[in-house]
Amino acid sequence: LHIGTGPYRITDFLMGHQKRLDERDMRTTRIVGAAATLAAITGTPLAAGILSVEILDRASIDYRELPPAILAATAGTLCFQWFTGRTPTLLPTIPSPDLIGILAAVLTALVAGVAGLGLVRLLLAIRRLYRGYAPRPLPIILGATVTSLLALAVGTEILGWGVVESLNGYVSADPVGTRGWFLLAGKVLGTASTVGTGGSGGVVGPALVIGVFAGNGVAATIGASISGASVAGMAAALAAISNVPIAAAIMMVELFGGSATIYACIGSALGFQIARSAVAYFSLAEKQ
């Protein structure tokens with residue numbers, strides 16, 4: 001609610017002078033709900049607040065929405081930590097970039113950006129293909145079947161997993177190396193098969209997974225730091241899939257610290273440029 005401003009002030013609303021919320025109030029409610037939920041999951045309140053606003057304001061950010069979004073994201077993070085006693089896993093420090101590290105970051109950003117664009121195109125194509133031609137349960141069953149077969153073929157790592165808790169293993173401690181190329185393709189196809197057919201799932205988590213697998217594949221191939229390349233990949237994939245370049249870069253810095261800044265900026269800038277007209281959210285894409 002817009003405290004002290006706008007047609008529906010919180011005092012009037014609580015006193016019963018206004019019975020209904022206007023469209024902007026409803027919009028703000030959706031934004032703060034998304035921001036609080038995402039921040040609780042990732043532990044990145046600033047990025048979650050900006051991401052929630054960026055998704056709905058694709059042409060330009062309405063800065064009036066940022067304060068309530070960031071406050072809600074902060075509250076979501078604190079409440080999650082208070083009630084569960086858990087804090088986000090401490091992720092590895094990213095090494096200072098050298099020439100080969102920058103090259104790996106650029107290559108990974110290009111690969112992850114193209115993969116993100118491919119995922120968006122597949123999601124929309126699959127949705128248009130089945131919509132209106134098949135009963136709702138059938139596409140979901142087929143999508144789950146395809147994803148299961150892909151997991152058997154390339155590895156179970158493409159299935160759902162706790163994003164923040166598992167990033168530590170895939171970024172540094174237990175990298176998948178060159179096998180990341182196969183897992184990258186499997187994750188793109190699997191996400192398109194499940195989310196595109198109407199199954200339960202989102203795109204923020206898969207975007208981070210796609211970026212990690214791209215970073216593993218590129219870095220292992222040219223002999224660079226997997227952690228730095230993976231950060232660039234995650235930023236690029238998230239920026240490409242969700243059209244949120246600012247939030248993508250800030251999320252990486254919040255997760256990995258200031259040492260990830262250069263990799264995050266390279267990834268988010270290139271990923272956004274590759275897929276700047278695409279968006280993986282059906283309700284927004286169908287308005288274009």
Check A192 against L122 and note the closest heavy-atom contact, atom names and distance. CB-CB, 3.7 Å

From the list V231, I266, V253, side-chain contact (heavy atoms from CB on, under 4.5 Å) with T261 holds only for V253

Is there a continuous path of hydrophobic side-chain contacts, each under 4.5 Å between heavy atoms, that joins I250 to L71? no

Could you tell me if the side chain of L142 sits less than 4.5 Å from the side chain of T197, heavy atoms only? no

Is there a donor-acceptor contact under 3.5 Å from the side chain of K187 to the main chain of I158? yes

Taking the side chain as C-beta and beyond, is there a heavy-atom pair between M234 and F256 under 4.5 Å? yes

Strictly distance-based, threshold 3.5 Å: is any side-chain N or O of S193 a donor or acceptor partner for the main-chain N or O of G143? no

Considering non-hydrogen atoms only, spot the tightest contact between A40 and G76 and give its length. CB-O, 3.7 Å

Could you tell me whether the side chain of E254 and the main chain of L46 form a donor-acceptor pair under 3.5 Å? yes

Are L184 and R179 close enough that some pair of their side-chain heavy atoms sits under 4.5 Å apart? no

Between T108 and A105, is there a donor-acceptor pair closer than 3.5 Å when you use the side chain of the first and the backbone of the second? no

Side chain of N216, backbone of A229: donor and acceptor closer than 3.5 Å? no

Would you say that more than 12 heavy atoms from the other residues, nucleotides or ligands in this model lie under 6.0 Å from the CG of L99, or not? no

With heavy-atom distances below 4.5 Å as the criterion, would you say the side chains of P95 and S227 are in contact? yes

Identify whether I50 and V32 are in the same connected component of the hydrophobic contact network (ILVMFWY, side-chain heavy atoms under 4.5 Å). no

